[in-house]
Amino acid sequence: MAHIVVTGGAGFIGSHCCVELLKKGEQVTVLDNFCNSSPEALDAIEKITGVRPALAELDLCDEEKVNAFFAANTVDAVVHFAGLKAVGESCRMPLAYYHNNLTGTLNLLRAMAANGCKTIVFSSSATVYGMHNNAPFTEDMPTSATNPYGWTKQMIEQMLMDTVAADAAWSVVALRYFNPIGAHPSGLIGENPNGIPNNLVPYVARVAEGTLERLSVYGDDYDTPDGTGVRDYIHVVDLAKGHLCALDYAAAHKGFEAINLGTGNGASVMDVLHAYEQACGKTLPYVIAPRRPGDIATSFAAPQKAKELLHWEAQSDLLTMCRDSWNYMCRRQQNG
Ligand code: NAD
Ligand code: UD1
């Protein structure tokens, strides 16, 4: 049994990763300050797996507490999800994003190094492919960013590469997620953003639930088969499983690797809307709206590197992702 620390383990993706780690029999400690989640996620993880992960409630920006945690615990590896992730908010509050994401990661890496834990799997994003590459995106393409959130991912990848270059004892995997959606099939954990969702599937889910009137489709004049934006949607459980494969890889290989986690398939906004209609059994109203600034026409992964190095491939199709999202929404409603 390995002791795995999951920063941000109460969040959307982190909670699904905890479930998979506990199912495998690993010892899990969640390190979270609940700035975008709640301790209820740990109750749900316990309900699903029968095991409650340990909790260290702390802010990664609190250097002293992070050091004290690593000094007091023997940790085999870290999966680092903790961070702020809303693109629009990052443009309004860049310093808050740079502070939280960069200082938090620096504190974490320094505390790990000081206490002899040099294995980390990091949540990066396909956002690092920027505006100037053509899909499918391969890991060797030049990276860039178009907003402060994206820059934090780009800068953390750089920080990790430099750390590995200076000390060959590190094992680092930066996983570049495409568009994670869906929920655990139990319906007990899923994505539940505060306020009006920015991302497509949480928005469509609210339309299906009846709490938002209609979807605005941001542009129908892109150079795509139906004119709407194309993305690589990946089931959050598939994504979570990719982290276990990345941990196995990191345990056996030193150095730095950036690896895409995507399906390799693109789906348009209309494809998603129609799949969700099928999942919830309703017609969902929409209007065509102007393009959203900063959006690209098409984004999907080249998934070969993940297959070759991690022996991992996404399994779920779009309809399953929408069904699991809708199941989560219905359970949430039932529980008030
Ligand atoms: P989330 O907001 O649901 O989870 C992040 C968790 O980190 C939350 O529980 C939050 O409370 C915690 N956290 C944030 N700052 C912290 C700090 N300073 N100290 C301690 N805890 C802190 O987000 P998510 O969707 O689960 O995303 C997880 C990671 O994956 C993030 O780094 C995100 O940028 C990255 N990512 C997400 C997506 C996506 O579509 N969800 C896509 C690409 C990359
Ligand atoms: C967004 C972020 C990206 C982040 C990713 C995480 C932006 C510009 N990019 O990517 O950095 O890594 O989330 O999943 O925010 N759409 C609509 N109507 C809506 C919402 C979205 O038509 O109400 C369209 C978008 O134009 C896009 C697609 O749906 O074509 C997906 O959008 P979204 O879910 O926000 O993800 P991304 O834009 O890929």
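For ligands, and for the atoms within them, numbers begin at 1 and follow the listed sequence. Reckoned from all heavy atoms, side chains included, excluding hydrogens, waters and symmetry mates. Remember, predicted model here, so these are calculated numbers, not experimental data.
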query: Is there a side-chain contact between T263 and Y233 (heavy atoms, below 4.5 Å)?
result: no
field: Residue pair K85 / T152, side-chain heavy-atom distance below 4.5 Å
entry: no
query: When rounded to the nearest 0.5 angstrom, what distance separates CZ in F69 from CG in N67?
result: 12.0 Å
Pull out every atom of ligand 1 sitting under 4.0 Å from any heavy atom of [X], numbered as shown with elements.
X	result
S124	43 (C), 44 (C)
S123	29 (C), 30 (O), 32 (O), 35 (C)
G8	6 (C), 7 (O), 12 (C)
D59	17 (C), 18 (N), 19 (N)
L58	19 (N), 20 (C)

Sub-4.0 Å atoms of ligand 2 with respect to non-hydrogen atoms of [X]:
X	value
Y233	28 (C), 31 (C)
S125	12 (O)
N198	20 (C), 35 (O)
T127	11 (O)
N179	14 (O), 36 (O), 37 (P), 39 (O)
D295	8 (C), 25 (C), 26 (O), 38 (O)
L215	18 (N), 19 (C), 23 (O)

message: Minimum distance, heavy atoms only, to atom 21 (N) of ligand 1: which one of D62, N33, T127 is it?
response: N33
query: Looking only at non-hydrogen atoms, which of Y233, F178, Y177, F34 approaches atom 36 (N) of ligand 1 most closely?
result: Y177
Under 3.5 Å between some N or O of ligand 1 and some N or O of [X]?
X	answer
F12	yes
A82	no
F81	yes
C35	yes

Examine the proximity of ligand 2 to [X] and report which part, side chain or backbone, both or neither, has a heavy atom under 4.0 Å away.
X	result
S216	backbone
L200	both
Y222	neither

For [X] and ligand 2, does the shortest N/O to N/O distance drop below 3.5 Å?
X	result
Y149	no
Y203	no
N147	no

Identify the closest protein heavy atom to [atom]: which residue and atom is it, and at what distance?
atom	answer
atom 1 (P) of ligand 1	N36 ND2, 3.8 Å
atom 26 (O) of ligand 1	I13 N, 2.8 Å
atom 40 (O) of ligand 1	P180 CD, 3.2 Å

field: R291 NZ/CZ over Y222 ring centroid, <6.0 Å and within 45° of normal
entry: yes
message: Centre-to-centre under 6.0 Å for H243 and F81, is that the case here?
response: yes
query: Does atom CG of D140 have more than 12 heavy-atom neighbours, drawn from other residues, nucleotides or ligands, at distances under 6.0 Å?
result: yes
